[in-house]
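Single-structure report; data block below.
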Amino acid sequence: MTVKRTLRTTVPTRTVLEGGGFPVRRPIPMSALTSPFLLLDEMGPVNWPPSAAIGAPNHPHRGFETVTYLLKGRMNHADSAGNSGELNSGDVQWMTAGRGVIHSELPHPDFHKTGGVMHGFQIWVNLPAANKMMQPRYQDVPAEDIPVVCSLDELVTVRVIAGQSLDQSAVIDTVIPITFLHMTLKPGGKIIQSIEKGLNGMIYCFSGSLKIDQKTLNDGQLGILSDGDEVHLSVSDSAKEDVNILFLAGPQIDEPIARYGPFVMNTEQEIMQAYADYNAGTLA
Ligand code: MN
């Protein structure tokens, strides 16, 4: 029998400053209910004046993955191993920090000069203990390579960043089974999204009001789903605006979390080792 998932609880967001001081909207608290997702930051939207845009200068990571999905703006990425690249509207960087990366995430110099709208997401995905010290891996996927699929009536568009939706699979490979979708639902739009039973499922709404079965999730809320096989999402015919959501799912990682700043390990000892490696110049 197919079990419908419903909205179990909602997590509110707060606006906080991240990196060098740019504003993000962040659901607090993330918890065991949101495993394996440790952090969900909506960067902006901010309309930066010329020469004002702020990013995150050099900093380390170990023990998890950072996923950057840019909706608007232009960013530059560079790490201490010599990897670099840029992110433009719609591009995704899925970075598996593994044993260690030291990188900067900054507005592109041209964007910094002219200013403009920056809007996007950074999500932290935990890694199981067995994968925390894996070799770092980058998957830089330009917008045109992210699969996009529409419902038959074209009222729902899904960008399939990880996992599957409407029989379309993502191109990004994940260490543990992750679903990461950007859905846009026009007024009157409906979609049934499958999620394997037992996986944690959640939805972050960043414009409009979404119906999850009979309940409502509003702009700036993270909705945690109950367990089941699928979830029924819709937008009222009379809605005045499109609804945009990130749909996330993944397994519960039942392991202790020791987290300090940019490191997410299992024990205090491993955090101290990460700092020792960083200070010795052997982290990355
Ligand atoms: Mn970072």
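Keep in mind it's a predicted model, so treat the numbers as computed, not measured. Just follow the structure's listing: the first ligand is 1, and inside any ligand the first atom is 1.
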Exercise for the section: Measure distances from the Mn ion (ligand 1) and count the protein N, O or S atoms below 2.8 Å. Expected result: 4

Exercise for the section: Determine, using ring centers only, whether F247 and Y204 are less than 6.0 Å apart. Expected result: no

Practice task
Give a yes or no on whether a salt bridge exists between R74 and E86, defined as a side-chain N under 4.0 angstrom from a carboxylate O.
Solution key: yes

Problem - Aromatic ring proximity H112/W48, centre distance under 6.0 Å - result: no

Exercise for the section: I would like to know whether V101 and M95 meet side-chain contact (heavy atoms from CB on, under 4.5 Å); could you show each step before the answer? Expected result: CA-CA 9 Å; V101 161; M95 185 189 84; 3.8 Å; yes

Exercise for the section: Measure from the ring center of H182 to the ring center of F206 and say whether it is less than 6.0 Å. Expected result: yes

Problem - Chi angles and distances behind the side-chain contact (heavy atoms from CB on, under 4.5 Å) call for D229, I195 - result: CA-CA 5 Å; D229 307 280; I195 326 178; over 6 Å; no

